[in-house]
A.B. asks: 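The following block contains the structure, expressed as structure tokens.
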Protein chains: 2
Amino acid sequence: MSDVAIEKFIETMGSLAQSEGGTRIAGQILGYLVVEGEPRTLTQMTEALSISKASASTNARLLENRGQLRRVSQLGSRQDAWEAVSNPNRDVLATVATRFRKSGEAIGEAAAAFPPDRAEARSRVVHLADFYFNSAEFIEEWISNLPDRQEENASDLSTDHGAAKFTG
Amino acid sequence: MSDVAIEKFIETMGSLAQSEGGTRIAGQILGYLVVEGEPRTLTQMTEALSISKASASTNARLLENRGQLRRVSQLGSRQDAWEAVSNPNRDVLATVATRFRKSGEAIGEAAAAFPPDRAEARSRVVHLADFYFNSAEFIEEWISNLPDRQEENASDLSTDHGAAKFTG
DNA sequence: CAGAACGTTCAATAAAAACTGAACGACCTG
DNA sequence: CAGGTCGTTCAGTTTTTATTGAACGTTCTG
């Protein structure tokens with residue numbers, strides 16, 4: 001932190017997350033970790049962002065589930081550390097695609113139950129379901145065009161990510 | 001309405017809208033109008049969905065802003081009628097693209113204000129902004145591949161009712 | 001012009017969500 | 001084993017959002 005421009009960026013990330021349907025704190029955590037570029041602990045988050053430990057824990061794991069954060073346990077410490085993945089929003093898109101697919105399924109199932117005398121209505125609903133299916137497909141294609149996730153985040157010394165997953 | 005399967009579909013649309021960050025009633029209205037296939041008035045919505053006139057009005061205009069509903073004033077009546085556009089989610093994608101672009105701008109501006117000694121952090125943030133820009137661009141391309149909006153909804157003039165298939 | 005129906009707005013309420021403090025179990029250290 | 005630190009959970013509070021009822025201005029009808 002320590003700089004007003006950086007604080008502003010983090011606040012921006014918080015607002016953005018909120019307007020995208022997430023939580024402010026999740027956005028702030030992501031912004032903070034992108035700025036830092038190295039793994040940070042929950043305690044560091046609570047201090048940097050003035051949030052409770054409960055919020056830090058909950059939102060960090062939420063971001064982990066979305067694929068935007070990675071938990072790296074550092075050898076010799078039982079503290080978890082968290083870092084932003086290098087393409088933090090790639091998996092957000094994947095989540096969107098999954099949700100689209102599920103929406104399409106839900107709508108398609110509902111359409112299948114329509115009574116015979118509502119065939120036209122059903123066809124409109126099926127059309128809607130198709131939109132979701134096709135959008136999901138397209139987003140997945142888009143994802144596959146994104147640059148590969150590079151495991152080159154913390155640019156200075158090697159915190160060996162891939163191997164040292166060592167949670168209790 | 002009048003059918004349990006259709007009611008279930010409308011409820012599904014409400015839940016879906018909610019999980020996508022919208023309001024339940026907006027989703028229900030959209031579902032209702034898709035089922036009906038013809039323009040319906042606010043009063044009809046309030047009866048069919050058991051909602052208040054205030055909610056119907058507010059949410060209908062909200063959907064209109066998103067491009068999912070169209071207001072059609074019928075000659076000889078001063079009642080507004082509303083219908084779902086034939087591709088109700090096309091403009092939802094456009095809204096997403098716009099939001100992505102704005103997010104990219106906000107993040108990019110924040111990055112530009114970073115102090116010189118945080119050049120590496122800034123480059124990470126710029127990378128993030130680029131993701132938004134590229135995604136916006138891609139979505140817009142996807143939109144342009146969608147079948148054209150056909151303005152053939154609320155009449156029996158045309159026979160190919162929303163039957164446009166995706167080309168992939 | 002009176003009366004009714006309409007769409008919108010706004011204050012108030014109801015419902016939902018975020019966020020926190022405190023407590024807990026697990027684990028390490030000395 | 002005692003004391004400290006860690007991450008998580010949970011109940012409670014605060015904050016936000018959705019939804020409503022009532023009031024208002026407008027427009028049509030008779």
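Chain A is the first sequence line, chain B the second, and so forth, proteins listed ahead of strands; every chain is numbered from 1.
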A.B. asks: Whole-Å distance between C:dT8 C1' and B:Trp82 CH2?
C.D. replies: 11 Å

A.B. asks: Return the value, rounded to whole Å, for the distance between atom CG of B:Leu62 and atom C1' of C:dT8.
C.D. replies: 15 Å

A.B. asks: NZ of A:Lys53 versus P of D:dT9: gap in Å, rounded?
C.D. replies: 13 Å

A.B. asks: What about B:Met13 and B:Leu62, same hydrophobic cluster or not, with Ile/Leu/Val/Met/Phe/Trp/Tyr joined at side-chain heavy-atom distances under 4.5 Å?
C.D. replies: no

A.B. asks: Any side-chain heavy atom of B:Thr58 sitting closer than 4.5 Å to one from B:Arg61?
C.D. replies: yes

A.B. asks: Expressed in angstrom and rounded to an integer, what is the separation of B:Leu69 atom CG from C:dG7 atom P?
C.D. replies: 13 Å

A.B. asks: Can you tell me how far C1' of D:dC6 sits from CD of A:Gln79, to the nearest Å?
C.D. replies: 7 Å

A.B. asks: Roughly how far, to the nearest 0.5 Å, is the CG atom of A:Leu128 from the OG atom of A:Ser123?
C.D. replies: 11.0 Å

A.B. asks: Does OP1 or OP2 of C:dT20 have a side-chain N or O of A:Ser52 closer than 4.0 Å?
C.D. replies: yes

A.B. asks: Does B:Arg71 place a side-chain N or O at less than 4.0 Å from the phosphate oxygens OP1/OP2 of C:dG7?
C.D. replies: no

A.B. asks: Output yes when at least one side-chain N/O atom of A:Arg24 is less than 4.0 Å from OP1 or OP2 of C:dA18, else no.
C.D. replies: no

A.B. asks: When you check the phosphate oxygens OP1 and OP2 of D:dT8, does a side-chain N or O of A:Arg61 lie under 4.0 Å from one of them?
C.D. replies: yes

A.B. asks: Rounded to whole Å, how long is the line connecting atom CD of A:Glu64 with atom P of D:dT8?
C.D. replies: 8 Å

A.B. asks: Once you apply a heavy-atom cut-off of 4.0 Å, does B:Thr23 come out as touching a base, just sugar-phosphate, or nothing?
C.D. replies: sugar-phosphate

A.B. asks: Between atom CG in A:Leu49 and atom C1' in C:dA18, what is the gap in whole Å?
C.D. replies: 15 Å

A.B. asks: Heavy-atom nearest nucleotide on DNA chain C for B:Thr43 versus B:Ala54: which residue maps closer to 5'?
C.D. replies: B:Thr43

A.B. asks: Given D:dG7, C:dT8, D:dT9, identify the nucleotide with an atom nearest to the side chain of B:Leu42.
C.D. replies: C:dT8

A.B. asks: Please state how far atom CD in B:Gln18 lies from atom P in D:dT16, giving the value in whole angstrom units.
C.D. replies: 20 Å

A.B. asks: Within the 4.5 Å heavy-atom criterion, are A:Thr41 and A:Trp82 side-chain neighbours or not?
C.D. replies: no

A.B. asks: So that I know where these two stand, are A:Phe133 and A:Phe100 an aromatic pair - ring centroids less than 6.0 Å apart?
C.D. replies: no

